[in-house]
Amino acid sequence: MLEIEGIRLGFFCSTQDGKVTTNRKFHLKNLTFERVMEAFEKNLRDFELLLDLSLSLGCGVFRLGSDMVPFASHPNFKREWLRPIEEALVGFSRRLKDYPIRITMHPGQFVVLSSPKEQVLSASLRELEYHFWLLDRLGVGREGVVVVHVGGLFEGKEGALKRFKKVLKEQGWLTERLVVENDERHYTVEDLLRAELPIPIVYDHYHHTLNPSNFQPDEVLSTWGDRVPEFHLSSKPEGRHRFGEHGEWVKREDFLVFLRLFGGRRVDLILEAKAKEKALQRLLTEIKSIGL
DNA sequence: TTCCGTCAAGTCGAT
DNA sequence: ATCGACTTGACGGAA
């Protein structure tokens with residue numbers, strides 16, 4: 001297992017070329033049991049291939065794609081379809097134990113627990129239920145976190161954070177796996193710390209550079225209790241790009257800055273680079289050349 | 001086989 | 001007003 005000053009690495013969802021992916025899906029108008037099973041079975045098979053690849057690269061963490069079971073939280077998805085999927089997942093959970101790899105998830109931007117719209121909130125909760133269910137069936141423990149953002153500003157940060165907090169209180173089950181990440185626009189690490197949420201904080205280094213704030217590394221680490229923190233690292237793309245866009249690669253310098261903050265602590269770091277495992281390999285080559 | 005318009009969902013800011 | 005950014009581009013019909 002690769003470990004650099006306590007930091008373990010991982011990538012997410014698919015290979016760079018997209019040929020191996022846990023996010024296979026189809027158009028909603030084609031939603032049938034057969035299509036769901038076809039996509040799910042391929043996703044599950046590729047999940048194992050991605051675990052093998054992660055293992056061979058020395059990774060200690062992998063992010064499973066949210067489309068593993070396509071449309072699982074959609075109203076048109078029939079509950080009875082879950083039965084055979086559940087069987088396959090439980091079957092796979094035995095093999096999953098052979099991998100010393102932490103599995104986590106990060107649902108889409110549609111999960112907005114701070115939204116004042118009742119419908120947005122209920123759809124978000126359904127989607128989170130699906131994520132938790134999937135990790136439960138896979139036999140993943142509490143280290144299998146589900147990462148979300150606070151969401152929009154609406155009428156102001158205070159109100160949004162208040163609603164976010166209220167949902168966490170009312171839906172106690174969320175605290176079992178839910179964790180919250182700083183974003184590149186609104187909610188800084190400091191905002192999240194000051195909100196005193198009952199869940200851990202995911203430090204995203206790129207977001208922090210775009211939307212900085214003051215905090216002590218220990219403050220963030222201590223939100224994780226006895227669990228190993230999951231943090232994120234990516235780099236700015238070369239050339240013209242839109243604000244917040246992630247680069248193909250992770251720059252060595254960005255990793256070194258991250259190390260200065262959290263090196264020596266036990267942290268799982270997901271590289272959110274578009275080049276996926278290739279970015280991880282490139283970064284490893286680059287840091288090896290300077291003797292790390 | 002390749003190409004390109006389209007796809008469940010939220011929210012925001014850049015253009 | 002529209003587009004496209006976010007954790008991830010893949011599907012599906014046309015050429």
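Keep in mind it's a predicted model, so treat the numbers as computed, not measured. The sequence lines fix the lettering, A, B, ..., with proteins before strands; numbering per chain opens at 1.
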J.: Base, sugar-phosphate alone, or nothing: which one does A:L153 contact when heavy atoms must sit under 4.0 Å apart?
T.: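 Sugar-phosphate: the residue A:L153, judged by heavy atoms under 4.0 Å, touches backbone atoms but no base.
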
J.: Using a cut-off of 4.0 Å on non-hydrogen atoms, how would the nucleic acid contact of A:S73 be classed: base, sugar-phosphate, or nothing?
T.: base

J.: Strictly below 4.0 Å: does A:K276 bring a side-chain N or O up to OP1 or OP2 of C:dG9?
T.: yes

J.: Using whole Å, what does the distance between atom P of nucleotide B:dA8 and atom NZ of A:K25 come to?
T.: 7 Å

J.: Mind calculating the distance between NE2 (A:H106) and P (C:dC6) to the nearest angstrom?
T.: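 Whole-Å distance recorded here is 11 Å.
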
J.: Measure from the ring center of A:F62 to the ring center of A:F11 and say whether it is less than 6.0 Å.
T.: yes

J.: Mark this stacking check for A:F110 against B:dA9 as yes or no, applying ring centres under 5.5 Å and ring planes under 30°.
T.: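 It does: the ring sits over the base of B:dA9.
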
J.: Once you round it to whole Å, what is the distance between C1' of C:dC11 and CG of A:L31?
T.: 14 Å

J.: Describe the nucleic acid contact of A:H149 in one word from base, sugar-phosphate, nothing, applying a heavy-atom distance below 4.0 Å.
T.: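 Answer is sugar-phosphate: A:H149 comes under 4.0 Å of backbone atoms only.
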
J.: Taking CE from A:M68 and P from C:dA10, how many angstroms apart are they, rounded to a whole number?
T.: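 Rounded to the whole Å, the gap is 15 Å.
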
J.: If I take atom CZ in residue A:F12 and atom C1' in nucleotide C:dG9, what distance separates them, rounded to the nearest angstrom?
T.: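 Rounded to the whole Å, the gap is 11 Å.
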
J.: Return the nearest nucleotide to the side chain of A:F26; candidates are B:dG10, C:dC6, C:dC11.
T.: C:dC11

J.: Could you check which nucleotide pairs with C:dC6 in any of the strands shown, counting Watson-Crick or G-U wobble with both distances under 3.5 Å?
T.: B:dG10

J.: For residues A:S234 and A:E272, is any side-chain donor paired with an opposing acceptor at under 3.5 Å?
T.: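 There is no such pair (donor and acceptor under 3.5 Å, judged by atom type) between the side chains of A:S234 and A:E272.
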
J.: What is the nucleic acid contact for A:N30, judged by heavy atoms within less than 4.0 Å: base, sugar-phosphate only, or nothing?
T.: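 Since only primed, P, OP1 and OP2 atoms lie under 4.0 Å of A:N30, the category is sugar-phosphate.
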
J.: Given atom NE2 of A:H232 and atom C1' of C:dC6, what is their separation to the nearest angstrom?
T.: 13 Å

J.: Can you check the A:H27 NE2 to B:dC7 P distance for me, whole Å?
T.: 7 Å

J.: Taking the P atom in each of C:dT2 and B:dC7, what is the distance between them to the nearest angstrom?
T.: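 About 16 Å, rounded to a whole number of Å.
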
J.: For the residue pair A:F132 and A:W173, does the interplanar ring angle fall in the parallel (under 30°), tilted (30 to 60°) or perpendicular (over 60°) class?
T.: perpendicular

J.: Nearest-nucleotide wise, let me know which of A:S114 and A:R126 is further upstream toward the 5' end of DNA chain B.
T.: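 With A:R126 and A:S114 compared, the 5'-side residue is A:R126.
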
J.: How are the rings of A:F215 and A:F262 set to each other: parallel, tilted or perpendicular (split at 30° and 60°)?
T.: parallel

J.: Does OP1 or OP2 of B:dT11 have a side-chain N or O of A:K117 closer than 4.0 Å?
T.: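 Checking B:dT11 against A:K117, a side-chain N or O does come within under 4.0 Å of OP1 or OP2.
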
J.: When you compare B:dG5 with C:dC3, how far apart are their P atoms, in angstrom units rounded to a whole number?
T.: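 It works out to 12 Å between them.
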
J.: Looking at C:dG12, I'd like to know if its phosphate oxygens (OP1 or OP2) sit under 4.0 Å from a side-chain N or O belonging to A:R35.
T.: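 Yes, such a contact exists.
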
J.: From C-beta outward on A:H74, which listed nucleotide comes closest to its side chain: C:dC11, C:dC6, B:dA8?
T.: B:dA8

J.: What's the CG-P distance between A:L210 and B:dC12, to the nearest Å?
T.: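 So the CG-P distance, A:L210 to B:dC12, works out to 18 Å.
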
J.: Please compare A:S14 and A:R63 by the position of their nearest nucleotide in DNA chain C and report the one closer to 5'.
T.: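 Comparing both residues, the 5'-ward one is A:R63.
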
J.: Side chain of A:T21 only, heavy atoms from C-beta on: which candidate in C:dC6, C:dC11, C:dA10 is closest?
T.: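 Of C:dC6, C:dC11, C:dA10, C:dA10 is nearest to the side chain of A:T21.
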
J.: Might you work through the side-chain hydrogen bond (donor to acceptor under 3.5 Å, both in side chains) test for A:R185 and A:H149, ending with a clear yes or no?
T.: CA-CA 11 Å; A:R185 258 178 226 287; A:H149 292 284; over 6 Å; no

J.: Can you check the distance between C:dG12 and B:dA8, where both ends of the measurement are the P atom (answer in whole Å)?
T.: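 Approximately 10 Å lies between the P atom of C:dG12 and that of B:dA8.
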
J.: Any strand is fair game: report the nucleotide pairing with C:dG13 by Watson-Crick or G-U wobble, both distances under 3.5 Å, or none.
T.: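 Its partner is B:dC3 (Watson-Crick or G-U wobble, both distances under 3.5 Å).
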
J.: Can you tell whether the side chains of A:E286 and A:R282 come within less than 4.0 Å, N to carboxylate O?
T.: no

J.: Looking at every strand, decide which applies to A:G244 at a 4.0 Å heavy-atom threshold: base, sugar-phosphate, or nothing.
T.: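 Sugar-phosphate only.
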
J.: Check the orientation of A:F92 and A:F47. Use parallel for under 30°, tilted for 30 to 60°, and perpendicular for over 60°.
T.: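 Plane angle between 30° and 60°, so tilted.
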
J.: Mind checking A:F154 for me? I need base, sugar-phosphate or nothing, with any heavy atom below 4.0 Å counting as a touch.
T.: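 Since only primed, P, OP1 and OP2 atoms lie under 4.0 Å of A:F154, the category is sugar-phosphate.
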
J.: Using a cut-off of 4.0 Å on non-hydrogen atoms, how would the nucleic acid contact of A:Q109 be classed: base, sugar-phosphate, or nothing?
T.: base

J.: Which listed nucleotide (C:dG12, B:dA8, C:dA10) is nearest to the side chain of A:R24?
T.: C:dA10

